[in-house]
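By convention in this document, chain letters (A, B, ...) are assigned in the order of the sequence lines, proteins followed by strands, and residues within each chain are numbered from 1.
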Protein chains: 2
Amino acid sequence: MELSQAKNKFIQTWGSLGTQWGISKTMAQIHALLIVSPEVLSMEDIMAELHISRGNASMNLRNLIDWGIIFKEYKPGERREYFSAEDNIDELARKIAKERSKREIKPTLRVLQEVSQLEHSQTEEAVHFKKKTAELYEFLSRADNMLEKITDYKESWITKTIMKLMK
Amino acid sequence: MELSQAKNKFIQTWGSLGTQWGISKTMAQIHALLIVSPEVLSMEDIMAELHISRGNASMNLRNLIDWGIIFKEYKPGERREYFSAEDNIDELARKIAKERSKREIKPTLRVLQEVSQLEHSQTEEAVHFKKKTAELYEFLSRADNMLEKITDYKESWITKTIMKLMK
DNA sequence: TTATACTTTCAAAAACAAATGAAACTTATT
DNA sequence: AATAAGTTTCATTTGTTTTTGAAAGTATAA
């Protein structure tokens with residue numbers, strides 16, 4: 001296999017992984033492309049490599065920047081904007097985890113909290129409802145917490161200790 | 001808030017969480033409904049509660065069964081099938097994690113493994129490509145491993161130890 | 001201030017994913 | 001073996017999300 005094939009395969013795979021996890025294909029593909037690109041790329045470069053339109057490139061680049069996982073760069077004396085990916089993978093994971101927690105987990109936790117508060121529940125159904133939603137709340141908030149700890153202190157002794165325990 | 005409202009809110013929220021994580025809305029909603037239902041439900045019940053068609057219900061029920069997170073039950077003397085949800089939440093998480101690993105992470109790992117094997121890489125681009133894909137492989141396989149350990153041995157001393165460390 | 005190089009926006013189109021519903025199928029009952 | 005009760009399938013429709021592309025917007029340089 002040669003580089004261009006391998007590169008393409010990686011980009012496609014990353015795109016479909018993205019899709020399966022609720023991230024648009026193009027967004028994941030642009031990210032993949034920037035990860036394996038040793039040089040910063042312009043919007044034109046990205047459009048050409050992935051065969052996508054200007055608008056599509058622009059929107060997804062902005063989205064990736066909002067997620068904090070790619071960056072705009074300026075070359076001295078040039079008008080054009082260039083883009084590069086976060087190149088520390090632990091840091092990448094940390095940002096993704098943080099963002100998904102903020103956008104998806106936290107709001108769900110608020111709802112679980114709220115609905116599990118249900119008052120005057122006499123019926124069996126209501127009792128069961130409270131119990132289950134409270135359990136989900138407990139579980140999800142613990143998982144969220146754990147993820148936060150793991151990703152926040154990637155280099156701390158706690159993570160190293162865990163890693164050792166898990167060997 | 002009364003039960004029916006709370007229930008509805010929970011089902012909607014769970015549905016949209018599903019969507020954001022790449023699971024179809026109806027599939028997540030059926031699951032939510034079964035979780036908070038103290039009694040087993042028939043397909044008719046589910047169709048009525050969620051206002052969905054027979055086909056939709058049938059397909060998503062099968063899907064949930066394939067994931068191993070809901071079960072078919074038979075009432076003695078009745079032809080009709082009933083459904084119930086896995087009611088241990090740790091077990092639920094374990095099954096979801098295992099399934100997503102099998103369907104999405106493992107195949108991605110295989111590709112990363114393969115493309116990072118790229119030979120005769122002289123150019124800077126090829127060297128960089130190998131390095132990055134190898135890093136991603138390392139990271140993803142470690143994360144996958146960790147998740148497996150955590151979910152597999154929910155009750156083991158290792159998990160308890162980690163939990164204590166994380167307090 | 002005008003031309004130029006580049007980026008962003010957004011309405012419309014295309015692509016994709018999910019849902020419907022009727023027909024086919026299965027299994028049990030008379 | 002015919003009827004009934006229930007379930008599954010799948011071609012078609014509906015709905016949602018993504019993408020396009022042209023127009024509007026911005027910033028720089030001449």
Closest listed nucleotide, where the reference is the side chain of T19(A) and the choices are dT9(D), dA19(C), dA17(C):
dA17(C)

Rounded to the Å, how far apart are M59(B) CE and dC10(D) P?
8 Å

Nearest-angstrom distance from the residue atom CE of M47(B) to C1' of dT7(D)
11 Å

Between CG of N63(A) and P of dC10(C) the distance, given in whole Å, is 15 Å

In whole Å, I'd like the distance from the OH atom of Y74(A) to the P atom of dA5(C).
19 Å

Hey, are K7(A) and E49(A) close enough for a salt bridge, meaning a charged N less than 4.0 Å from a carboxylate O?
yes

Which of the following nucleotides, dA19(C), dT7(D), dT19(D), is nearest to the side chain of N60(A)?
dT19(D)

So E81(B), base contact, sugar-phosphate only, or nothing? Heavy-atom distance under 4.0 Å.
sugar-phosphate

Examine distances only and state if a side-chain atom of E86(A) and a backbone atom of N88(A) form a donor-acceptor pair shorter than 3.5 Å.
yes

Tell me which nucleotide among dA19(C), dT8(D), dT8(C) gets nearest to the side chain of R54(B).
dT8(D)

With nearest nucleotide decided by heavy atoms, which residue, N56(A) or K25(A), maps closer to the 5′ end of DNA chain C?
N56(A)

Considering only nitrogen or oxygen atoms on both sides, find all protein atoms under 3.5 Å from nucleotides 24-27 of chain D and state each distance.
from	atom 1	to	atom 2	distance (Å)
dA27(D)	N3	R79(A)	NH2	3.0

Between N60(B) and N56(B), is there a donor-acceptor pair closer than 3.5 Å when you use the side chain of the first and the backbone of the second?
yes

Can you tell me how far the CG atom of D87(B) sits from the CD1 atom of I69(B), to the nearest 0.5 Å?
13.0 Å

For the pair made of OH in Y82(A) and P in dA5(C), what is the distance, rounded to whole Å?
14 Å

In whole Å, I'd like the distance from the CZ atom of R62(A) to the C1' atom of dT19(D).
15 Å

Closest listed nucleotide, where the reference is the side chain of S58(A) and the choices are dC10(D), dT9(C), dA18(C)
dT9(C)

Using modelled atom types only, decide if a donor and an acceptor are shared between the side chain of K9(B) and the backbone of V115(A) within a distance under 3.5 Å.
no

Separation of L64(A) atom CG from dT18(D) atom P, in whole Å?
13 Å

Are R100(B) and W21(B) in a cation-pi contact, defined as NZ or CZ under 6.0 Å from the six-membered ring centre and within 45° of the axis?
no

Integer-rounded Å distance: dT8(C) P and I46(A) CD1:
11 Å

Over all strands shown, is S24(A) touching base, sugar-phosphate only, or nothing at heavy-atom distances under 4.0 angstrom?
sugar-phosphate

Face-on cation placement of K75(A) at Y82(A) ring, 6.0 Å and 45° thresholds
yes

I want to check one thing: is the phosphate of dG6(D), taken as OP1 and OP2, less than 4.0 Å away from some side-chain N or O of K75(B)?
no

